[in-house]
Amino acid sequence: MTAERVRFAPSPTGYLHIGGVRTALYNWLWARQTKGTFILRIEDTDTERSTAESTQVILDAMKWLDLDWDEGPGVGGPNGPYFQTERVEIYKEFADRMIERGTAYRCYATKEELDAERERQTKAGNPFFRYPGTWRDKGPKDWPTDGRPYVVRLKSPKSGSTGWVDLVKGRIDVPNEQQQDVVLIRSNGIPLYNFGAAIDDITMGVTLVARGDDHVVNTPVQILIYEALGKTPPKLAHLPMINGPDGKKLSKRNAAVSVAEYRDMGFLPDAVLNYLARLGWSHGDQEIFTRGEMIQHFDWSHVGRTAAQYDLKKFQFVQSSHLRAVDEAKLAELARPYLKAGATIDSEARLHAAIGTVKTRATTLLDVGEMVDFYFRDTLSFDEKAVAKFLVPAAASLLGDFRAHLAAQPAFDRASLEAATTAWLTERGLQIKDVAQAARVSLTGKSQSPGLYEVLEVLGRERALARLEAGAHKASQAAST
RNA sequence: GGCCCCAUCGUCUAGCGGUUAGGACAUCGGCCUCUCACGCCGGUAACCGGGGUUCGAGUCCCCGUGGGGUCGCCA
């Protein structure tokens with residue numbers, strides 16, 4: 001397997017979209033599997049919309065996901081700079097070379113002239129503008145000498161076709177008469193997408209380009225640029241789109257699209273990657289993958305050709321599966337930022353134990369923070385419905401008695417507590433369900449919680465007994481009202 | 001409209017000429033059970049339509065239909 005040079009080339013015009021993450025992931029997986037190079041390149045040629053803040057947001061997201069890049073912002077590399085706006089001299093050089101070779105030309109048509117032409121064509125019944133080719137066959141002798149600005153256009157062939165074998169879609173061919181003489185370099189010297197991408201991929205030695213389906217139409221143009229420069233195009237792979245849960249285009253209207261949102265919700269980076277990996281790619285029947293497994297098994301031949309629909313339920317399933325696989329100590333570390341304000345973590349060991357009791361019940365780290373909260377409160381907050389239902393007068397004496405029995409126990413671990421409780425129940429001719437809910441509400445404030453004995457154990461003798469006593473009191477109070 | 005792409009359960013998908021069309025999420029039953037989860041067992045549920053090719057098509061070809069992408073000095 002030859003080491004591939006791949007890249008992820010986002011535009012810093014907003015947040016990092018989960019569709020973009022999947023593109024980044026597939027590239028990254030391939031680089032890692034082939035022991036190749038993952039390049040991060042910032043395509044900031046849209047100076048109107050690009051911002052330094054967005055660049056930072058994207059970098060932060062990539063770091064959070066731990067999709068580390070071998071060349072790019074921060075780490076540098078031999079093919080820099082990695083911001084396109086810092087590479088304008090390179091583009092100019094290649095553009096001039098193309099003009100000399102006759103595969104590109106200067107176009108002095110102004111924006112105004114073009115707009116007028118666009119309007120004329122629209123009125124003539126053609127809403128799809130085509131550049132009339134005014135400057136296509138002109139040369140240096142025709143160039144104005146007054147220093148007027150010009151754009152550089154690709155002189156694309158009028159006949160034949162341009163195609164490639166796409167790694168996911170197979171053979172694709174597009175008739176050249178479809179091509180426009182697209183603008184390569186703006187009048188201000190900054191390149192347009194197709195040119196910047198092609199030149200960078202050439203100069204950075206990219207061997208495989210994997211990007212979204214929406215770039216299929218750009219590919220012939222880029223291949224034409226490669227050919228105009230006498231270069232061999234890289235391998236190409238176009239990934240199907242990800243649609244929203246409603247089947248429409250994925251947007252913030254129908255889903256959380258920014259990776260930062262998943263981080264804030266307490267999703268695990270590996271879970272996000274796992275879900276996205278499986279959205280459009282498969283490896284037999286396997287659904288849950290570790291990072292290493294993804295690197296090991298990823299392949300282009302099993303990337304699907306059909307657009308996928310985003311499904312939060314499945315995403316949550318993948319997330320909870322990953323959450324359960326993390327050990328308590330690590331989970332404590334990860335969940336710390338998600339613990340609720342006011343929670344007093346008196347002991348790391350207790351936090352680990354507490355997390356152990358909620359692990360299978362939580363989906364996100366945010367859930368962990370909420371579910372574990374009752375263990376670390378001096379004053380418990382109660383769910384009123386649960387109180388009204390279970391802390392009733394009839395439960396008062398039972399709770400008091402139960403508390404007294406537990407207080408007399410020398411050991412306070414879950415096994416001993418269960419044994420002691422069973423003995424007590426037998427003695428009183430009761431069943432566990434007769435006291436469980438009242439005890440649960442007393443201890444946790446809620447009607448749903450981890451198992452009683454583990455809750456008692458993790459709470460610890462002192463706090464557990466105090467809560468049972470308070471619960472019994474609360475229940476008896478209910479009697480007097 | 002031109003060009004390009006796509007089409008298996010509600011969803012993600014397996015399938016690469018011969019399968020009782022498999023798995024997962026969701027959903028519906030049941031088991032477990034101190035609640036909620038986890039786990040386990042089981043059910044409902046799919047090859048867009050029409051022509052071909054073939055002894056035999058979900059798998060190959062064509063047409064239709066339906067989705068999607070794109071036609072900027074955006075990326």
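In what follows, every chain begins at residue 1, and chains take the letters A, B, ... in the order their sequences are listed.
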* Tell me, for nucleotides 32-37 of chain B in 5' to 3' order, what letter each nucleotide earns: B for a base near a protein heavy atom under 4.0 Å, S for only sugar-phosphate near one, - for neither? -> --BBBB
Side-chain atoms of residues 147-157 of chain A: list all donor-acceptor pairs with protein atoms under 3.5 Å, sequence neighbours left out, distances to 0.1 Å.
residue : atom : partner : partner atom : Å
A/Y150  : OH   : A/R106  : NH2          : 3.4
A/R153  : NH1  : A/D181  : O            : 2.8
A/S156  : OG   : A/Q180  : O            : 3.2
A/S156  : OG   : A/D181  : OD1          : 2.9

Restricting to nitrogen or oxygen on both sides, can you table the protein-nucleotides 47-49 of chain B pairs closer than 3.5 Å?
none

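- In this structure, a donor-acceptor pair under 3.5 Å is present between the side chains of A/R87 and A/T203.
- Counted by atom type alone, A/T51 and A/S54 present one or more donor-acceptor pairs between their side chains at under 3.5 Å.
- Side-chain nitrogen and oxygen atoms of A/H302 include at least one within less than 4.0 Å of the OP1 or OP2 phosphate oxygen of B/rG15.
- For A/D166 and B/rC6, the CG to C1' distance is 13 Å, given to the nearest whole Å.
- Residues A/Y131 and A/L114 have side chains in contact (heavy-atom distance under 4.5 Å, counting atoms from C-beta outward).
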Show me, pair by pair, the donor-acceptor contacts under 3.5 angstrom made by side chains of residues 220-228 of chain A, not counting sequence neighbours?
residue : atom : partner : partner atom : Å
A/Q222  : OE1  : A/R211  : NH2          : 2.7
A/Q222  : NE2  : A/N194  : OD1          : 2.9

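- The base-pairing partner of B/rA21, taking Watson-Crick or G-U wobble contacts with both distances under 3.5 Å, does not exist among the strands shown.
- Among the heavy atoms of the strands lying under 4.0 Å from A/E287 is at least one base atom, whether or not backbone atoms are also near.
- Across all strands shown, B/rU59 forms no Watson-Crick or G-U wobble pair with both key distances under 3.5 Å.
- Base pairing of B/rG1 is made with B/rC71, judged by Watson-Crick or G-U wobble geometry with both donor-acceptor distances under 3.5 Å.
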Set out, line by line, the N/O atom pairs under 3.5 Å between protein and nucleotides 25-28 of chain B.
residue : atom : partner : partner atom : Å
B/rC25  : O2'  : A/K314  : N            : 3.3

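- Classification of the A/Y310-A/F315 ring pair by plane angle, with boundaries at 30° and 60°, yields perpendicular.
- Of all nucleotides present, none satisfies the Watson-Crick or G-U wobble test against B/rU44 with each distance under 3.5 Å.
- A donor-acceptor contact closer than 3.5 angstrom links the side chains of A/D44 and A/T85.
- Closest-nucleotide positions on RNA chain B for A/G280 and A/I172 were compared, and the one nearer the 5' end corresponds to A/I172.
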* Structure fact -> Whether each nucleotide of nucleotides 58-75 of chain B has a protein heavy atom under 4.0 Å at its base (B), only at its sugar-phosphate (S) or at neither (-) is summarised, 5' to 3', as -----------BSBSBBB
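- Heavy-atom distances to RNA chain B give each of A/Q178 and A/R305 a nearest nucleotide, and the one nearer the 5′ end belongs to A/Q178.
- Shown here is A/R253, whose CZ atom has no more than 12 heavy atoms of other residues, nucleotides or ligands within 6.0 Å.
- When both pairing distances are held under 3.5 Å, B/rA26 makes no Watson-Crick or G-U pair with any nucleotide shown.
- Put simply, the side chain of A/Q286 and the base of B/rG23 share no donor and acceptor less than 3.5 Å apart.
- Counting to the nearest Å, the P atom of B/rC4 and the NE2 atom of A/H238 are 15 Å from each other.
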